[in-house]
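Each remark here refers to the structure printed beneath this line.
For the numbers below, each heavy atom of this structure counts, side chains included, while hydrogens, waters and symmetry mates do not. Here is how names work: the chains are called A, B, and so on, in the same order as the sequence lines, proteins then strands, and each is numbered from 1.
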Number of protein chains: 2
Amino acid sequence: MPDAADLASMNVPSRRKFRREGEERRRQDLIEATLDSVAEHGLQGATLRAIALRAGVTAGLIRHYFPGKEELLQEAYATLVGRMTEQAKAALVMEDALPRQRLAAFVTANLNAPIIDARVFSLWATFIGRASADPALAHAHREGYLGFRNEVEAVVAEVLAAERRKADASQLRHHAIAINAIIDGLWIEGSLAGEMFSPGELAAIGIRAVEAELGLAPEEGGSQ
Amino acid sequence: MPDAADLASMNVPSRRKFRREGEERRRQDLIEATLDSVAEHGLQGATLRAIALRAGVTAGLIRHYFPGKEELLQEAYATLVGRMTEQAKAALVMEDALPRQRLAAFVTANLNAPIIDARVFSLWATFIGRASADPALAHAHREGYLGFRNEVEAVVAEVLAAERRKADASQLRHHAIAINAIIDGLWIEGSLAGEMFSPGELAAIGIRAVEAELGLAPEEGGSQ
DNA sequence: GGCCTTGTTGTGCAAGTGTATAAATAGCCC
DNA sequence: GGGCTATTTATACACTTGCACAACAAGGCC
(Lines give C-alpha, C1' and ligand atoms only; values in the text may rest on other atoms or scores of the structure.)
Protein backbone atom coordinates (compact mmCIF):
# COMPACT_ATOMS: atom_id res chain seq x y z
CA MET A 1 0.00 0.00 0.00
CA PRO A 2 1.46 3.35 -1.06
CA ASP A 3 2.18 5.86 1.66
CA ALA A 4 2.12 9.64 1.42
CA ALA A 5 5.60 9.87 -0.05
CA ASP A 6 4.65 7.43 -2.76
CA LEU A 7 1.52 9.36 -3.55
CA ALA A 8 3.50 12.53 -3.96
CA SER A 9 6.23 11.00 -6.08
CA MET A 10 3.76 9.08 -8.21
CA ASN A 11 1.94 12.28 -9.13
CA VAL A 12 -1.36 10.81 -8.09
CA PRO A 13 -4.22 13.09 -9.07
CA SER A 14 -4.81 15.16 -5.98
CA ARG A 15 -7.84 17.30 -5.50
CA ARG A 16 -7.30 21.02 -5.66
CA LYS A 17 -7.52 23.01 -2.46
CA PHE A 18 -10.19 25.67 -2.28
CA ARG A 19 -11.79 28.26 -0.06
CA ARG A 20 -15.47 28.85 0.43
CA GLU A 21 -16.32 32.45 -0.38
CA GLY A 22 -19.44 34.35 0.50
CA GLU A 23 -22.13 34.09 -2.10
CA GLU A 24 -22.16 37.76 -3.01
CA ARG A 25 -18.40 37.83 -3.32
CA ARG A 26 -18.34 34.84 -5.64
CA ARG A 27 -21.06 36.20 -7.85
CA GLN A 28 -19.24 39.51 -8.14
CA ASP A 29 -15.98 37.78 -8.94
CA LEU A 30 -17.63 35.65 -11.58
CA ILE A 31 -19.31 38.67 -13.16
CA GLU A 32 -16.05 40.59 -13.15
CA ALA A 33 -14.25 37.63 -14.70
CA THR A 34 -16.99 37.47 -17.32
CA LEU A 35 -16.57 41.15 -18.21
CA ASP A 36 -12.81 40.71 -18.40
CA SER A 37 -13.18 37.70 -20.67
CA VAL A 38 -15.64 39.45 -22.96
CA ALA A 39 -13.48 42.56 -23.17
CA GLU A 40 -10.40 40.56 -23.98
CA HIS A 41 -11.67 37.80 -26.24
CA GLY A 42 -15.19 38.83 -27.19
CA LEU A 43 -18.38 36.96 -26.57
CA GLN A 44 -17.02 33.96 -28.40
CA GLY A 45 -13.95 33.79 -26.22
CA ALA A 46 -15.86 34.15 -23.00
CA THR A 47 -16.22 30.44 -22.38
CA LEU A 48 -17.24 29.09 -19.03
CA ARG A 49 -13.81 27.57 -18.59
CA ALA A 50 -12.01 30.81 -19.40
CA ILE A 51 -14.26 32.74 -17.05
CA ALA A 52 -13.78 30.22 -14.28
CA LEU A 53 -10.03 30.29 -14.74
CA ARG A 54 -10.01 34.07 -14.35
CA ALA A 55 -12.19 33.87 -11.30
CA GLY A 56 -9.89 31.28 -9.76
CA VAL A 57 -12.47 28.52 -9.67
CA THR A 58 -13.41 25.60 -11.87
CA ALA A 59 -16.07 25.78 -14.53
CA GLY A 60 -18.60 23.62 -12.78
CA LEU A 61 -19.02 26.17 -10.01
CA ILE A 62 -20.61 28.68 -12.34
CA ARG A 63 -23.68 26.53 -12.60
CA HIS A 64 -24.01 26.75 -8.86
CA TYR A 65 -24.53 30.51 -9.09
CA PHE A 66 -26.12 30.99 -12.49
CA PRO A 67 -28.69 28.85 -14.32
CA GLY A 68 -26.65 29.03 -17.50
CA LYS A 69 -24.21 31.06 -19.50
CA GLU A 70 -26.86 33.34 -20.93
CA GLU A 71 -28.00 34.47 -17.51
CA LEU A 72 -24.42 35.13 -16.48
CA LEU A 73 -23.89 37.31 -19.53
CA GLN A 74 -27.12 39.19 -18.91
CA GLU A 75 -26.18 39.93 -15.34
CA ALA A 76 -22.74 41.00 -16.44
CA TYR A 77 -24.24 43.41 -18.95
CA ALA A 78 -26.64 44.79 -16.37
CA THR A 79 -23.70 45.39 -14.06
CA LEU A 80 -21.81 47.19 -16.80
CA VAL A 81 -24.71 49.44 -17.74
CA GLY A 82 -25.38 50.27 -14.12
CA ARG A 83 -21.77 51.19 -13.55
CA MET A 84 -21.57 53.36 -16.65
CA THR A 85 -24.69 55.39 -15.99
CA GLU A 86 -23.81 55.75 -12.34
CA GLN A 87 -20.37 57.18 -13.12
CA ALA A 88 -21.75 59.43 -15.83
CA LYS A 89 -24.34 60.98 -13.57
CA ALA A 90 -22.00 61.27 -10.62
CA ALA A 91 -20.45 64.37 -12.16
CA LEU A 92 -23.75 66.21 -11.88
CA VAL A 93 -24.02 66.23 -8.12
CA MET A 94 -22.32 69.58 -7.70
CA GLU A 95 -24.99 71.39 -5.80
CA ASP A 96 -23.21 74.69 -5.32
CA ALA A 97 -22.13 75.57 -8.83
CA LEU A 98 -23.41 77.68 -11.65
CA PRO A 99 -25.41 75.70 -14.21
CA ARG A 100 -22.86 76.40 -16.88
CA GLN A 101 -20.09 75.11 -14.66
CA ARG A 102 -22.07 71.98 -13.85
CA LEU A 103 -22.61 71.34 -17.54
CA ALA A 104 -18.91 71.80 -18.25
CA ALA A 105 -18.01 69.51 -15.38
CA PHE A 106 -20.43 66.93 -16.71
CA VAL A 107 -18.87 67.02 -20.16
CA THR A 108 -15.37 66.89 -18.72
CA ALA A 109 -16.17 63.93 -16.50
CA ASN A 110 -17.59 61.99 -19.43
CA LEU A 111 -14.56 62.66 -21.60
CA ASN A 112 -11.85 61.52 -19.24
CA ALA A 113 -10.92 58.35 -17.44
CA PRO A 114 -12.49 56.24 -16.13
CA ILE A 115 -15.40 56.75 -18.49
CA ILE A 116 -13.15 57.02 -21.49
CA ASP A 117 -11.66 53.58 -21.32
CA ALA A 118 -10.82 51.03 -23.97
CA ARG A 119 -12.07 48.10 -21.92
CA VAL A 120 -15.44 49.66 -21.16
CA PHE A 121 -15.85 50.71 -24.76
CA SER A 122 -15.03 47.25 -25.98
CA LEU A 123 -17.64 45.80 -23.66
CA TRP A 124 -20.22 48.38 -24.67
CA ALA A 125 -19.67 47.74 -28.36
CA THR A 126 -19.68 43.99 -27.99
CA PHE A 127 -22.98 43.95 -26.15
CA ILE A 128 -24.69 46.73 -28.08
CA GLY A 129 -23.88 44.93 -31.29
CA ARG A 130 -26.39 42.31 -30.24
CA ALA A 131 -29.07 44.85 -29.34
CA SER A 132 -30.89 44.74 -32.65
CA ALA A 133 -31.22 40.97 -32.32
CA ASP A 134 -31.81 40.80 -28.58
CA PRO A 135 -34.81 42.78 -27.28
CA ALA A 136 -33.59 42.52 -23.70
CA LEU A 137 -30.33 44.22 -24.61
CA ALA A 138 -32.13 46.82 -26.70
CA HIS A 139 -34.42 47.64 -23.83
CA ALA A 140 -31.60 47.92 -21.33
CA HIS A 141 -29.77 50.28 -23.63
CA ARG A 142 -32.79 52.48 -24.24
CA GLU A 143 -33.43 52.82 -20.54
CA GLY A 144 -29.88 53.94 -19.95
CA TYR A 145 -29.85 56.24 -22.95
CA LEU A 146 -33.09 58.00 -22.08
CA GLY A 147 -32.02 58.38 -18.48
CA PHE A 148 -28.78 59.96 -19.58
CA ARG A 149 -30.54 62.24 -22.04
CA ASN A 150 -33.01 63.38 -19.42
CA GLU A 151 -30.15 64.34 -17.16
CA VAL A 152 -28.66 66.33 -19.99
CA GLU A 153 -31.98 67.98 -20.72
CA ALA A 154 -32.38 69.02 -17.10
CA VAL A 155 -28.97 70.68 -17.00
CA VAL A 156 -29.59 72.37 -20.31
CA ALA A 157 -32.85 73.80 -18.97
CA GLU A 158 -30.99 75.19 -15.98
CA VAL A 159 -28.29 76.71 -18.11
CA LEU A 160 -30.74 78.40 -20.43
CA ALA A 161 -32.81 79.63 -17.50
CA ALA A 162 -29.71 81.14 -15.91
CA GLU A 163 -29.05 82.94 -19.19
CA ARG A 164 -32.65 84.15 -19.20
CA ARG A 165 -33.26 82.39 -22.48
CA LYS A 166 -36.55 80.70 -23.15
CA ALA A 167 -36.73 77.36 -24.89
CA ASP A 168 -39.76 75.21 -25.55
CA ALA A 169 -39.86 71.47 -25.01
CA SER A 170 -38.98 70.68 -28.61
CA GLN A 171 -35.89 72.87 -28.57
CA LEU A 172 -34.85 71.45 -25.25
CA ARG A 173 -35.18 67.92 -26.59
CA HIS A 174 -33.14 68.75 -29.66
CA HIS A 175 -30.40 70.30 -27.56
CA ALA A 176 -30.29 67.23 -25.35
CA ILE A 177 -30.11 64.90 -28.35
CA ALA A 178 -27.32 66.92 -29.92
CA ILE A 179 -25.31 67.23 -26.72
CA ASN A 180 -25.72 63.54 -26.05
CA ALA A 181 -24.43 62.86 -29.54
CA ILE A 182 -21.42 65.10 -29.02
CA ILE A 183 -20.49 63.33 -25.81
CA ASP A 184 -21.08 59.88 -27.29
CA GLY A 185 -19.09 60.63 -30.40
CA LEU A 186 -16.12 62.06 -28.53
CA TRP A 187 -16.32 59.19 -26.05
CA ILE A 188 -15.93 56.74 -28.90
CA GLU A 189 -13.04 58.61 -30.46
CA GLY A 190 -11.26 58.88 -27.16
CA SER A 191 -11.85 55.27 -26.22
CA LEU A 192 -10.69 53.95 -29.56
CA ALA A 193 -7.71 56.22 -30.02
CA GLY A 194 -7.02 58.00 -26.80
CA GLU A 195 -3.38 58.59 -27.63
CA MET A 196 -4.37 60.68 -30.63
CA PHE A 197 -5.54 63.42 -28.30
CA SER A 198 -3.64 65.35 -25.72
CA PRO A 199 -4.92 65.23 -22.13
CA GLY A 200 -7.98 67.35 -21.71
CA GLU A 201 -8.23 68.01 -25.41
CA LEU A 202 -11.39 66.01 -25.93
CA ALA A 203 -13.03 67.63 -22.93
CA ALA A 204 -12.12 71.08 -24.27
CA ILE A 205 -13.53 70.22 -27.69
CA GLY A 206 -16.64 68.82 -26.06
CA ILE A 207 -17.27 71.86 -23.90
CA ARG A 208 -16.82 74.22 -26.81
CA ALA A 209 -19.14 72.17 -29.02
CA VAL A 210 -21.80 71.90 -26.33
CA GLU A 211 -21.69 75.60 -25.53
CA ALA A 212 -21.86 76.42 -29.22
CA GLU A 213 -24.89 74.19 -29.53
CA LEU A 214 -26.56 76.15 -26.76
CA GLY A 215 -25.50 79.47 -28.21
CA LEU A 216 -23.47 80.46 -25.16
CA ALA A 217 -20.94 83.18 -25.64
CA PRO A 218 -17.36 81.91 -25.50
CA GLU A 219 -15.62 82.28 -22.15
CA GLU A 220 -13.44 85.34 -21.73
CA GLY A 221 -9.79 84.48 -22.10
CA GLY A 222 -10.55 80.87 -22.84
CA SER A 223 -7.41 80.10 -24.78
CA GLN A 224 -6.56 76.75 -26.43
CA MET B 1 -27.59 -5.02 -59.02
CA PRO B 2 -29.89 -2.10 -58.10
CA ASP B 3 -31.10 0.10 -60.91
CA ALA B 4 -32.00 3.77 -60.80
CA ALA B 5 -35.51 3.16 -59.43
CA ASP B 6 -34.09 1.10 -56.62
CA LEU B 7 -31.56 3.75 -55.78
CA ALA B 8 -34.31 6.34 -55.52
CA SER B 9 -36.65 4.24 -53.42
CA MET B 10 -33.84 3.01 -51.18
CA ASN B 11 -32.94 6.57 -50.20
CA VAL B 12 -29.35 6.03 -51.14
CA PRO B 13 -27.23 9.02 -50.16
CA SER B 14 -27.13 11.06 -53.35
CA ARG B 15 -24.67 13.81 -53.93
CA ARG B 16 -26.06 17.29 -54.01
CA LYS B 17 -26.30 19.09 -57.33
CA PHE B 18 -24.27 22.25 -57.66
CA ARG B 19 -23.32 24.97 -60.08
CA ARG B 20 -19.88 26.38 -60.60
CA GLU B 21 -19.88 30.11 -60.05
CA GLY B 22 -17.27 32.62 -61.01
CA GLU B 23 -14.61 33.12 -58.39
CA GLU B 24 -15.45 36.74 -57.70
CA ARG B 25 -19.13 36.01 -57.42
CA ARG B 26 -18.54 33.22 -54.92
CA ARG B 27 -16.23 35.32 -52.80
CA GLN B 28 -18.76 38.13 -52.74
CA ASP B 29 -21.56 35.76 -51.83
CA LEU B 30 -19.52 34.23 -49.04
CA ILE B 31 -18.60 37.63 -47.66
CA GLU B 32 -22.20 38.79 -47.80
CA ALA B 33 -23.32 35.61 -46.07
CA THR B 34 -20.67 36.23 -43.44
CA LEU B 35 -21.89 39.77 -42.79
CA ASP B 36 -25.47 38.54 -42.58
CA SER B 37 -24.50 35.83 -40.12
CA VAL B 38 -22.52 38.22 -37.94
CA ALA B 39 -25.29 40.81 -37.96
CA GLU B 40 -27.88 38.22 -37.01
CA HIS B 41 -26.07 35.98 -34.55
CA GLY B 42 -22.88 37.80 -33.68
CA LEU B 43 -19.34 36.62 -34.17
CA GLN B 44 -20.03 33.52 -32.16
CA GLY B 45 -22.99 32.56 -34.30
CA ALA B 46 -21.14 33.12 -37.54
CA THR B 47 -19.93 29.54 -37.91
CA LEU B 48 -18.57 28.27 -41.16
CA ARG B 49 -21.56 25.97 -41.52
CA ALA B 50 -24.06 28.77 -40.93
CA ILE B 51 -22.26 31.00 -43.40
CA ALA B 52 -22.09 28.27 -46.01
CA LEU B 53 -25.77 27.51 -45.55
CA ARG B 54 -26.64 31.15 -46.18
CA ALA B 55 -24.44 31.28 -49.24
CA GLY B 56 -26.03 28.12 -50.58
CA VAL B 57 -22.89 26.02 -50.52
CA THR B 58 -21.34 23.53 -48.12
CA ALA B 59 -18.86 24.48 -45.47
CA GLY B 60 -15.87 22.86 -47.07
CA LEU B 61 -15.99 25.25 -49.99
CA ILE B 62 -15.07 28.20 -47.85
CA ARG B 63 -11.61 26.81 -47.42
CA HIS B 64 -11.25 26.86 -51.17
CA TYR B 65 -11.61 30.63 -51.22
CA PHE B 66 -10.22 31.67 -47.86
CA PRO B 67 -7.26 30.27 -45.92
CA GLY B 68 -9.32 30.17 -42.75
CA LYS B 69 -12.19 31.70 -40.87
CA GLU B 70 -10.13 34.60 -39.60
CA GLU B 71 -9.24 35.76 -43.09
CA LEU B 72 -12.87 35.51 -44.14
CA LEU B 73 -13.91 37.71 -41.24
CA GLN B 74 -11.17 40.22 -41.99
CA GLU B 75 -12.19 40.50 -45.61
CA ALA B 76 -15.79 40.84 -44.56
CA TYR B 77 -14.89 43.67 -42.22
CA ALA B 78 -12.82 45.37 -44.88
CA THR B 79 -15.77 45.15 -47.22
CA LEU B 80 -18.03 46.67 -44.61
CA VAL B 81 -15.69 49.56 -43.84
CA GLY B 82 -15.17 50.23 -47.52
CA ARG B 83 -18.88 50.34 -48.15
CA MET B 84 -19.53 52.64 -45.22
CA THR B 85 -16.87 55.21 -46.03
CA GLU B 86 -17.75 55.11 -49.71
CA GLN B 87 -21.39 55.88 -49.01
CA ALA B 88 -20.49 58.54 -46.50
CA LYS B 89 -18.22 60.37 -48.89
CA ALA B 90 -20.54 60.00 -51.84
CA ALA B 91 -22.62 62.90 -50.54
CA LEU B 92 -19.68 65.23 -50.97
CA VAL B 93 -19.40 65.02 -54.73
CA MET B 94 -21.66 67.98 -55.39
CA GLU B 95 -19.32 70.11 -57.41
CA ASP B 96 -21.65 72.99 -58.12
CA ALA B 97 -22.90 73.88 -54.67
CA LEU B 98 -22.02 76.36 -52.00
CA PRO B 99 -19.70 74.95 -49.32
CA ARG B 100 -22.33 75.38 -46.68
CA GLN B 101 -24.83 73.45 -48.79
CA ARG B 102 -22.33 70.70 -49.39
CA LEU B 103 -21.71 70.41 -45.67
CA ALA B 104 -25.44 70.26 -44.97
CA ALA B 105 -25.89 67.63 -47.67
CA PHE B 106 -23.05 65.63 -46.17
CA VAL B 107 -24.64 65.69 -42.73
CA THR B 108 -28.04 64.82 -44.13
CA ALA B 109 -26.71 61.90 -46.12
CA ASN B 110 -24.98 60.47 -43.09
CA LEU B 111 -28.08 60.71 -40.94
CA ASN B 112 -30.54 58.93 -43.18
CA ALA B 113 -30.87 55.52 -44.73
CA PRO B 114 -28.94 53.65 -45.94
CA ILE B 115 -26.19 54.85 -43.63
CA ILE B 116 -28.45 54.89 -40.62
CA ASP B 117 -29.28 51.22 -40.54
CA ALA B 118 -29.63 48.75 -37.73
CA ARG B 119 -27.83 45.94 -39.56
CA VAL B 120 -24.83 48.07 -40.45
CA PHE B 121 -24.65 49.44 -36.93
CA SER B 122 -24.80 45.95 -35.46
CA LEU B 123 -21.93 44.90 -37.69
CA TRP B 124 -19.91 47.99 -36.88
CA ALA B 125 -20.36 47.52 -33.15
CA THR B 126 -19.60 43.82 -33.27
CA PHE B 127 -16.35 44.32 -35.12
CA ILE B 128 -15.24 47.49 -33.39
CA GLY B 129 -15.71 45.79 -30.06
CA ARG B 130 -12.74 43.64 -30.98
CA ALA B 131 -10.57 46.56 -32.07
CA SER B 132 -8.77 47.05 -28.77
CA ALA B 133 -7.67 43.41 -28.83
CA ASP B 134 -7.09 43.04 -32.56
CA PRO B 135 -4.51 45.43 -34.05
CA ALA B 136 -5.67 44.67 -37.59
CA LEU B 137 -9.18 45.80 -36.77
CA ALA B 138 -7.91 48.82 -34.89
CA HIS B 139 -5.81 49.83 -37.84
CA ALA B 140 -8.64 49.40 -40.34
CA HIS B 141 -10.88 51.52 -38.17
CA ARG B 142 -8.34 54.28 -37.74
CA GLU B 143 -7.76 54.46 -41.46
CA GLY B 144 -11.46 54.86 -42.09
CA TYR B 145 -11.90 57.31 -39.25
CA LEU B 146 -9.04 59.56 -40.28
CA GLY B 147 -10.14 59.47 -43.89
CA PHE B 148 -13.60 60.51 -42.87
CA ARG B 149 -12.30 63.24 -40.59
CA ASN B 150 -10.07 64.62 -43.30
CA GLU B 151 -13.04 64.89 -45.60
CA VAL B 152 -14.87 66.77 -42.91
CA GLU B 153 -11.91 69.02 -42.32
CA ALA B 154 -11.67 69.87 -46.01
CA VAL B 155 -15.31 70.87 -46.21
CA VAL B 156 -15.02 72.86 -43.03
CA ALA B 157 -12.09 74.73 -44.50
CA GLU B 158 -14.11 75.57 -47.59
CA VAL B 159 -17.07 76.71 -45.53
CA LEU B 160 -14.96 78.99 -43.37
CA ALA B 161 -13.12 80.35 -46.39
CA ALA B 162 -16.42 81.17 -48.07
CA GLU B 163 -17.40 83.06 -44.93
CA ARG B 164 -14.08 84.89 -45.01
CA ARG B 165 -13.20 83.46 -41.63
CA LYS B 166 -9.70 82.48 -40.86
CA ALA B 167 -8.90 79.36 -38.90
CA ASP B 168 -5.56 77.83 -38.09
CA ALA B 169 -4.78 74.16 -38.36
CA SER B 170 -5.51 73.48 -34.73
CA GLN B 171 -8.93 75.08 -34.87
CA LEU B 172 -9.70 73.24 -38.09
CA ARG B 173 -8.77 69.95 -36.51
CA HIS B 174 -10.92 70.62 -33.49
CA HIS B 175 -13.88 71.51 -35.66
CA ALA B 176 -13.43 68.31 -37.63
CA ILE B 177 -13.22 66.22 -34.47
CA ALA B 178 -16.33 67.80 -33.04
CA ILE B 179 -18.34 67.51 -36.24
CA ASN B 180 -17.27 63.94 -36.65
CA ALA B 181 -18.45 63.26 -33.12
CA ILE B 182 -21.81 64.90 -33.76
CA ILE B 183 -22.39 62.76 -36.83
CA ASP B 184 -21.21 59.59 -35.12
CA GLY B 185 -23.30 60.17 -32.05
CA LEU B 186 -26.47 60.90 -34.00
CA TRP B 187 -25.76 57.96 -36.26
CA ILE B 188 -25.70 55.68 -33.25
CA GLU B 189 -28.87 57.10 -31.80
CA GLY B 190 -30.67 56.80 -35.10
CA SER B 191 -29.42 53.29 -35.78
CA LEU B 192 -30.35 52.02 -32.34
CA ALA B 193 -33.68 53.75 -32.02
CA GLY B 194 -34.68 55.13 -35.39
CA GLU B 195 -38.37 55.12 -34.59
CA MET B 196 -37.80 57.57 -31.74
CA PHE B 197 -37.12 60.31 -34.27
CA SER B 198 -39.35 61.70 -36.97
CA PRO B 199 -38.03 61.55 -40.55
CA GLY B 200 -35.40 64.15 -41.14
CA GLU B 201 -35.29 65.10 -37.48
CA LEU B 202 -31.82 63.74 -36.86
CA ALA B 203 -30.49 65.43 -39.97
CA ALA B 204 -32.01 68.74 -38.86
CA ILE B 205 -30.48 68.38 -35.41
CA GLY B 206 -27.16 67.47 -36.96
CA ILE B 207 -27.07 70.41 -39.33
CA ARG B 208 -27.94 72.85 -36.57
CA ALA B 209 -25.31 71.42 -34.25
CA VAL B 210 -22.65 71.45 -36.95
CA GLU B 211 -23.40 75.00 -37.99
CA ALA B 212 -23.40 76.11 -34.38
CA GLU B 213 -20.02 74.47 -33.93
CA LEU B 214 -18.71 76.50 -36.84
CA GLY B 215 -20.37 79.67 -35.62
CA LEU B 216 -22.49 80.06 -38.71
CA ALA B 217 -25.48 82.36 -38.41
CA PRO B 218 -28.77 80.46 -38.44
CA GLU B 219 -30.51 80.28 -41.79
CA GLU B 220 -33.19 82.88 -42.42
CA GLY B 221 -36.69 81.49 -41.92
CA GLY B 222 -35.33 78.14 -40.89
CA SER B 223 -38.27 77.00 -38.80
CA GLN B 224 -38.50 73.68 -36.87
C1' DG C 1 -13.60 16.70 17.92
C1' DG C 2 -17.07 14.86 14.89
C1' DC C 3 -20.96 15.72 11.97
C1' DC C 4 -23.62 17.99 8.26
C1' DT C 5 -24.52 21.14 5.08
C1' DT C 6 -23.36 22.85 0.78
C1' DG C 7 -19.84 25.21 -1.81
C1' DT C 8 -16.54 23.27 -4.90
C1' DT C 9 -14.10 20.06 -7.72
C1' DG C 10 -13.47 16.74 -11.34
C1' DT C 11 -15.13 13.84 -14.92
C1' DG C 12 -18.13 12.62 -18.49
C1' DC C 13 -20.96 13.50 -22.50
C1' DA C 14 -23.39 14.96 -26.66
C1' DA C 15 -23.37 18.62 -29.76
C1' DG C 16 -20.83 21.70 -32.43
C1' DT C 17 -16.34 23.85 -33.96
C1' DG C 18 -12.57 24.73 -37.60
C1' DT C 19 -9.70 22.27 -40.46
C1' DA C 20 -7.97 18.54 -43.51
C1' DT C 21 -8.66 15.66 -47.36
C1' DA C 22 -10.61 12.30 -50.51
C1' DA C 23 -14.17 11.62 -53.74
C1' DA C 24 -17.34 13.39 -57.29
C1' DT C 25 -18.88 16.24 -60.95
C1' DA C 26 -19.73 20.64 -63.72
C1' DG C 27 -18.29 22.84 -67.45
C1' DC C 28 -14.61 24.33 -70.66
C1' DC C 29 -11.52 22.94 -74.59
C1' DC C 30 -10.63 20.15 -78.47
C1' DG D 1 -18.86 13.58 -77.33
C1' DG D 2 -14.69 12.68 -74.26
C1' DG D 3 -11.39 13.99 -71.39
C1' DC D 4 -9.18 17.47 -67.83
C1' DT D 5 -9.27 20.46 -64.40
C1' DA D 6 -10.48 22.65 -60.50
C1' DT D 7 -14.80 23.80 -58.15
C1' DT D 8 -17.71 21.62 -55.00
C1' DT D 9 -19.35 18.02 -51.96
C1' DA D 10 -18.95 14.94 -48.26
C1' DT D 11 -16.73 12.72 -44.59
C1' DA D 12 -13.42 12.36 -40.96
C1' DC D 13 -10.94 14.19 -37.04
C1' DA D 14 -9.19 16.43 -33.08
C1' DC D 15 -10.71 19.73 -30.17
C1' DT D 16 -13.84 22.83 -27.60
C1' DT D 17 -18.18 24.00 -25.84
C1' DG D 18 -22.08 24.18 -22.30
C1' DC D 19 -24.16 21.35 -19.24
C1' DA D 20 -25.05 17.32 -15.89
C1' DC D 21 -23.72 14.87 -11.96
C1' DA D 22 -21.21 12.30 -8.55
C1' DA D 23 -17.63 12.71 -5.33
C1' DC D 24 -15.33 15.48 -2.07
C1' DA D 25 -14.00 18.64 1.59
C1' DA D 26 -14.31 23.42 4.06
C1' DG D 27 -16.02 25.34 7.73
C1' DG D 28 -19.94 26.34 10.89
C1' DC D 29 -22.36 24.10 14.69
C1' DC D 30 -23.04 21.34 18.62
#### Entry: Position toward the 5' end of DNA chain C (nearest nucleotide), B:Thr47 or B:Arg63
B:Thr47

### Query
Are the side chain of A:Arg130 and the backbone of B:Glu40 linked by a donor-acceptor contact shorter than 3.5 Å?
yes

### Query
In whole Å, what is the span from the CG atom of A:Asp29 to the P atom of C:dT8?
10 Å

### Separation of atom CD in A:Glu70 from atom C1' in D:dT17, rounded to whole Å
15 Å

### Task
May I ask you to check whether over 12 heavy atoms, not counting those of A:Glu70, lie within 6.0 Å of atom CD?
no

### Message
In this structure, how many angstroms lie between the P atom of C:dA15 and the CZ atom of B:Arg49, rounded?
### Response
14 Å

### Task
Starting at atom CG of A:Leu48, determine the distance to atom P of C:dG16, rounded to an integer number of angstrom.
17 Å

#### Entry: Separation of atom CG in A:Leu53 from atom P in D:dT17, rounded to whole Å
12 Å

### Message
Going by salt bridge (charged side-chain N to carboxylate O under 4.0 Å, His left out), A:Glu32 matches just one of A:Arg83, A:Arg54, A:Arg26, A:Arg25. Which one?
### Response
A:Arg83

### Query
Between A:Asn110 (side chain) and A:Phe106 (backbone), is there a donor-acceptor pair under 3.5 Å?
yes

### Query
Whole Å only: how far is the CZ atom of A:Phe66 from the P atom of C:dT8?
12 Å

### Query
Does the distance from a Lys or Arg side-chain N to an Asp or Glu carboxylate O, for A:Arg27 and A:Glu71, drop under 4.0 Å?
no

#### Entry: Geometric class of the B:Trp124/A:Phe121 ring pair [parallel <30°, tilted 30-60°, perpendicular >60°]
perpendicular

### Task
With a 4.0 Å heavy-atom cut-off, tell me which residues in residues 30-44 of chain A come close to DNA chain D, sorted by residue number.
none

### Task
Measure from the side-chain N and O atoms of B:Ser37 to the backbone N and O of B:Ala33, and report whether any donor-acceptor pair falls under 3.5 Å.
yes

#### Entry: B:Ile51 CD1 - C:dG18 C1' separation (whole Å)
11 Å

### Check: A:Ile116 main-chain N/O paired with A:Ser191 side-chain donor or acceptor under 3.5 Å
no

### Query
Under 3.5 Å, is there a donor-acceptor pair between the side chain of A:Thr34 and the main chain of A:Leu30?
yes

### Summary
Given protein heavy atoms under 4.0 Å, the one-letter contact record of nucleotides 3-9 of chain D, with B base, S sugar-phosphate only and - none, is simply ---BBBB

